[in-house]
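First comes the structure, then the notes that go with it.
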Number of protein chains: 2
Amino acid sequence: MSTSTKQKILIVDDEPDILELIEYNLKKEGYQVYTARNGQEAVSEAKKVLPDLIVLDIMMPKMDGIEACRIMRTMPEFKNTFMVFLTARSEEYSEIAGFNVGADDYIAKPIKPRALVSRINAILRRNAPAEEVTDNKLEIGTLVIDREAYLVFQKGDKVVLAKKEFELLYLLASKPGKVYTREVILKNIWEDSVVVTNRTIDVHIRKLREKLGDDIVATVKGVGYKFEA
Amino acid sequence: MSTSTKQKILIVDDEPDILELIEYNLKKEGYQVYTARNGQEAVSEAKKVLPDLIVLDIMMPKMDGIEACRIMRTMPEFKNTFMVFLTARSEEYSEIAGFNVGADDYIAKPIKPRALVSRINAILRRNAPAEEVTDNKLEIGTLVIDREAYLVFQKGDKVVLAKKEFELLYLLASKPGKVYTREVILKNIWEDSVVVTNRTIDVHIRKLREKLGDDIVATVKGVGYKFEA
DNA sequence: CAAATAGTTAATACAAAGTTAACAAATTGT
DNA sequence: ACAATTTGTTAACTTTGTATTAACTATTTG
C-alpha cells in the first residue's frame, strides 16, 4: 500500500467461519481488520475504530445488519464510511434497496474470496486519495519494472532495455500469465499509423529473452506471448 | 502510454467515414479501438482481440451485424462482451429486438459523437465492478480452464494443449453436458473460409482424450460431442 | 448384417515463430 | 552539424510445432 495509514475495515457476521475467512483474505490484502459478531457490537466497535468500510451480514442475532446500518447512517462520523452487505439470497438485495438504508454495495453468499477482495478494493480505490493513483512500479518475483525510470532490475541487477523492449516487457508483465496476441501487442506499443512486419515482434521478444533469460516470456503458438512468473 | 487495463472496443461498419468518426471519439476517451468493415472481419477480429464491447452496424456487405452478433453469441468467449448496434432507422430496432440476438443497446444514426461516447461510457462503467470479479476462468470439478493464460489444470497439474485442442475443450466445457454438433464446432473454432474433413475433429477429440482422460469428452453418435462433468 | 458414423495411426503439409545479418532511422555526444 | 552509437525494422532463411489428411479399423444402429 502506498499510503502510510492502512485502511480499516470492520467485518460484522455472527458465523465465526465466515468472519475468519473474510478477515484472513482482507489482511492478506493489507487492510487493518476489525470484527464484530452482531449489530450492537458493530456500532460500538465502529465508533471506536472509525473504519473506512464496514462489511455487514444481514441476518444476525441481537441487531441485524440493516438496523445497524441505519443507526450508523444517522451518525455524522460515518458519513463517509462505506457499507457493504452480505446477502445469502439475491432477493435480499431488494430489501436493502427498499429500506434505502445507505448501502454502497452488496456481496452475494456463498463468498468467493477473490471476488470479495477485488470488490472491496474497487470500492476503496474509487475513493482513494489522488496521490496513489499511479503506481508505476511492477514487482514480479525477482523482477522490478520501474516505468517512471524506464528501468528494469533482475535480482537487483540493472538491465538496460531499449524503449520498445521495455514497453513490450511492461505490457506482458502487467498481467503475468495472460496471453497477448500480436494484434493487441501492436495496438498497445506501436502508433496506429505504423505498420510493422510480424517478424518485428519476434525480434523484440528475442532481445528480451537475450537480456532477461529465455524463460521470462513464453510463446503460445498460434495465439501470442505471455509473461511467465 | 496505454496501460493494459484500457477497455477494448471493436467498431464494425462498412463506411470508412463513420468508422473513423467513432474511432476518433472513442480513442479520445481513452479506449483501445479496433475496427472491422463487415461481419466476417468482425468475428475474426473479435476472436483475436476479445473486446469488452462491440459496436455493430446493421447493414453491411458480406455479413450483416445481426448475423455477426448471433454467431458471436454462440461463442463462450463473448459471453460477457457487450454488443451495441448502430441503426439508421428507428424501426430497425424492432428487428434487433425481434431477432432476440443478444444486443445490449442500440444507437441511432446519424451519430452524435457526444451521445455515442457517453452511452458507451455508461455501458462499460455499469459493468466495471462486475468485470473485475469475472475472470475468464472455467472451473468444472477438478478441471480449471484459464482462457487468458491458455492453460488447463487437472487436479492441479498443468496440461499443455495446442490451440485447436484448447479451443475445442473450452467450447465444450463452456456448457457441460450440452451436445455440440460437428457443424457448430466448425463454426466456432475454424475460420469461415477453411473447410476441413470430418476426421479432423475426431483427431482433436482424440488428443484431448489422450491428454485429459477418455471420460472428459463423450460421443453422442449421430449428433456430436459433449463435455462430461 | 450392412450402412453409417466414429476412432486410430502415422505421414505430410503448412503456418507460425526463431534467427541472423544487413540496413534504416533515431539518438546522442562532440 | 556531423559522426558515432544505439535502436528499430526488414528480408530471407531455418526451425519447430501443429493441423490436416488418407487409409484403415472399430463400433453403433436400424
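Naming convention: chains lettered A, B, ... in sequence-line order (proteins, then strands); numbering from 1 in each chain.
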Which listed nucleotide (dA19(D), dA6(C), dT16(D)) is nearest to the side chain of D202(B)?
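Out of dA19(D), dA6(C), dT16(D), the nucleotide with an atom closest to D202(B)'s side chain is dA6(C).
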
Nearest-neighbour nucleotide for the A162(B) side chain, dA19(D), dT9(D), dT7(D) considered:
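Nearest to the side-chain atoms of A162(B), counting from C-beta on, is dA19(D).
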
Looking for any heavy atom pair under 4.0 Å, which part of the strands does [X] touch: base, sugar-phosphate only, or nothing?
X: T219(A); value: sugar-phosphate
X: T197(B); value: sugar-phosphate
X: V195(A); value: sugar-phosphate

Is there a side-chain contact between [X] and the phosphate of [N], meaning an N or O under 4.0 Å from OP1 or OP2?
X: W190(B); N: dA19(D); result: no
X: R199(B); N: dT5(C); result: no
X: T200(A); N: dT10(D); result: yes
X: H204(B); N: dT18(D); result: no
X: R182(B); N: dA6(C); result: yes
X: Y225(A); N: dA16(C); result: no
X: R206(A); N: dT20(C); result: yes

Rounded off to whole Å, could you give me the [atom1]-to-[atom2] distance for the [X] and [N] pair?
X: E191(A); N: dA26(C); atom1: CD; atom2: C1'; result: 15 Å
X: I201(A); N: dA17(C); atom1: CD1; atom2: P; result: 9 Å
X: I205(A); N: dG8(D); atom1: CD1; atom2: P; result: 14 Å
X: D214(A); N: dA17(C); atom1: CG; atom2: P; result: 17 Å
X: N198(B); N: dA23(D); atom1: CG; atom2: C1'; result: 16 Å

Determine whether the side chains of D192(B) and Q40(B) contain a donor N or O and an acceptor N or O closer than 3.5 Å.
no

According to ring pair (Phe, Tyr, Trp, His ring centres under 6.0 Å), does anything in residues 163-186 of chain B pair up with another residue at least two apart or in another chain? List the pairs.
Y150(B)-F166(B)

Option passing side-chain contact (heavy atoms from CB on, under 4.5 Å) with F227(A) (candidates L168(A), L143(A), L171(A))
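The option that passes is L143(A).
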
For a 4.5 angstrom cut-off between non-hydrogen side-chain atoms, does L10(B) reach V49(B)?
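No, their side chains stay 4.5 Å or more apart.
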
Does [X] pair with [Y] as a salt bridge, N-O distance under 4.0 Å?
X: D202(B); Y: R209(B); result: no
X: E67(B); Y: R70(B); result: yes
X: K187(B); Y: E183(B); result: no

Between residues 163-173 of chain B and DNA chain C, which residues have a heavy-atom gap below 4.0 Å?
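Within residues 163-173 of chain B, no residue comes under 4.0 Å of DNA chain C.
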
